[in-house]
Amino acid sequence: MRRPGIVAPPGTPTDVNLMLGWRPGAITCYYQYLRQNHVFEYKAQNPQATIIVRFPHPQNWYTNPEQTAVQYAKTIAGRWNELRPLNPYIIFANEMNLYYENGDSDQGNQPLYETEQFLKRVGGWISRTAQLIKNLAPDMRLVTPPFSPGRHDDGAPDDRGRITEGFAAYDFLAEAIRTYFDNTLAYHARWGDINGSDKTRLQDPQTASWYAFRWRRLLAMCQTRYNLRAKIIIDEAANYAAYDPDFFEQIIYFGQQALQDPRVPALTFFIWEDPAFSPGNIFNVWTQYIPNLADFTRRLAEQPDIIPAAGAITDVPGVPAAPATPSGQSPADARFGGPSVRVLFNDGRIETMTLETYLRAVVPAEVPASWRAEALKAQTVAARSYAANAIRRARYVGRAFDIRANPDVHQNYRSDKVHPATDAAVLATQGLVLTYNKQPIDAVYSANCGGHTFNSEDVFKKPDGSPADPTPYLRGVPCPAPGPKNGHGVGLCQYGANALAQMGLTFDKILAHYYQNAPLASWQFDEQAYSNHAEEIMAATENWSVKIKRAPGFPVIVGNLADKPDIPITVQPPTGQTFTARSGTKLEFGKGGFEAMAPTPGLYTLSFRGQTFKVQMDGQTTVRLDFSLSSDMTAPPARSILKGVVVDQSGHRLSGRSVELQSPTGKLQTRTAPDGSFIFENLPAGTFNLAVP
């Protein structure tokens, strides 16, 4: 439900059906008022709706930061079992750079709450509280608390994210954002003040970039300054004048602009109703100032869901994409070696890396890095075993990739979540896998088995719908996992593994509990022994041409890549530092439209699909490049597959047996997987001879 949402009343709404009847895409509500606002019922009826739960922070936090952090964390984490059905985002503090949010009634003291020293203390308390909450409730989705915009929160960044002030409050939260808040920020967007709304702060491109859409500068700052690709939840959006005649048009415009950006998971407008008539809220209250609220909500209900813009820009133009790892850690760290693994990403890109490097991004994506060290080691070995098994299978059949980065298919892969704690688990278990018949096992796992894991054949099915054959090392066992079942429940239970680690079990004992008869061993992959044949890849034959137009104006390269969207374009300025543009992100220039800033005079090199074009820029001219493609990629010929199972005379499946296929193009070889299966892919038409020597 990518639709605008609403901030629910801090109390009981006069007409809850009117408030929820227009199907808001998100609801922000204080914890203590969830029941009065029927949030649980609404979530049950609208599972795709986003729920944001806010907790008021203790305003005397600074008197004893550690004690208040501990007590507050226990309070919030203690609500998790109740909140779990909402799958909410949790915000546990609010605008702590404002005097009254710290219990101070003297407005004249406001400058004291914007100093670097004070905001450093704020960042430390927020970070510590988040750490404690995640230790107690690891799967609670925390959101970095919002600040009051423009009060040294973001350092007044320019449009490329470079701060113009001496510091930013987020300087003291960057590592916590990465570690505890899953790179997600909360933000309050305004296009007005106590005098009412200001249309230029919403619609004028330059002015609005500092008001309604200042969050874009904040995201650019996170990328440029902290190497963070952040998401942002706008839990309060308001113009300070709900009585404006065009208020409906304002919120529709802001909602579309925000939710078309894939970096914005949700937004909620402030505020439906305020039973207390608080002076700071009153002019934003919908029930108070919208003349015909029933008609207003009817028009909202008629609005379609908002689809994120295709190819929306999520990187800062002219700034290198954020590194995949925290500051000071290199993705290509030589300590993380092992055999190669070819990872297929959702955009079709295949990246080859070492197995241990791959695990750096998998383990913290699968379990919180704050979990017990032995649980992290157990998860690492399970993930390594799963990947090693996938590598063997892929090399058997000659696929172009070994494993997908899509968690709906294989393991979750998040290079932005690399963490020292999970890095330590990877290094401590380097090369270790679980084995059966001396080969890596298919070490499946899930979040929470609910108290007892399952036999594989009780859950998994064959293509014809019948139960899968029993897997000897995937037998159901009792498990100390807290909470309800989440996932298929076969193999390692992640919450159970952490519970066993808290009981003092080491990672090898944890693994032996969940994967019986699967001893640990160091795995060395013999690429030649397992490789089948190089997959035949048809080369692209592309003939590109370009028309160049120049005109005095802003120094930028724009163009259209033959109406073909989503093609990465590497741009190398004369300074040598490259960045990436993407076709389809500037539809005003065509379906393959793109834009690249070119402020420095000199030669710019554009590269894509093996093509290279050079453009001379003078710093005072706009250059337009219209590319045409005279011949598209040659379509590959039709291909077939041949697959089967090798069994002995008693019907037992044979693992590791050589299978040979004599084809019209030569002899192909593979080996059977642990279940005796084999497959040959990409076969041309013709006659074949199959043999098992």
Looking only at heavy atoms, what is the nearest atom pair of [X] and [Y], with distance?
X      : Y      : answer
Cys493 : Asn448 : SG-CA, 3.6 Å
Leu219 : Ala230 : CD2-O, 3.6 Å
Ala369 : Ala421 : O-CB, 3.5 Å
Thr453 : Gly491 : CG2-O, 3.5 Å

TODO: Determine whether more than 12 heavy atoms belonging to other residues, nucleotides or ligands lie under 6.0 Å from atom NZ of Lys485.
DONE: yes

Answer yes or no: is there a donor N or O on one side and an acceptor on the other, between the side chain of [X] and the main chain of [Y], under 3.5 Å?
X      : Y      : answer
Thr184 : Lys231 : no
Ser456 : Thr471 : yes
Asn517 : Tyr473 : no
Tyr515 : Val444 : yes

Return yes if a side-chain donor-acceptor contact under 3.5 Å exists between [X] and [Y], otherwise no.
X      : Y      : value
Tyr495 : Asp139 : yes
Thr506 : Asp508 : yes
Tyr445 : Gln411 : yes

Would you compute the distance between atom [atom1] of [X] and atom [atom2] of [Y] and round it to the nearest 0.5 angstrom?
X      : Y      : atom1 : atom2 : answer
Tyr514 : Leu434 : OH    : CG    : 13.5 Å
Gln430 : Phe336 : CD    : CZ    : 7.5 Å
Phe507 : Gln379 : CZ    : CD    : 13.5 Å

Open item on the list: One thing to verify: whether Lys417 and Asp182 come together as a salt bridge, which I'm taking to mean a side-chain N less than 4.0 angstrom from a carboxylate O.
Closed with: yes

- [ ] Using a strict cut-off of less than 4.0 Å between a Lys/Arg side-chain nitrogen and an Asp/Glu carboxylate oxygen, indicate whether Glu457 and Arg475 qualify as a salt bridge.
- [x] yes

Open item on the list: Is the ring pair Phe92/Trp125 parallel, tilted or perpendicular, if the boundaries are 30 and 60 degrees?
Closed with: perpendicular

Task: Within 45° cone of Tyr89 ring axis and under 6.0 Å: Arg141 NZ or CZ - done: yes

Task: Cation-aromatic face contact Arg225/Tyr170, 6.0 Å, 45 degrees - done: no

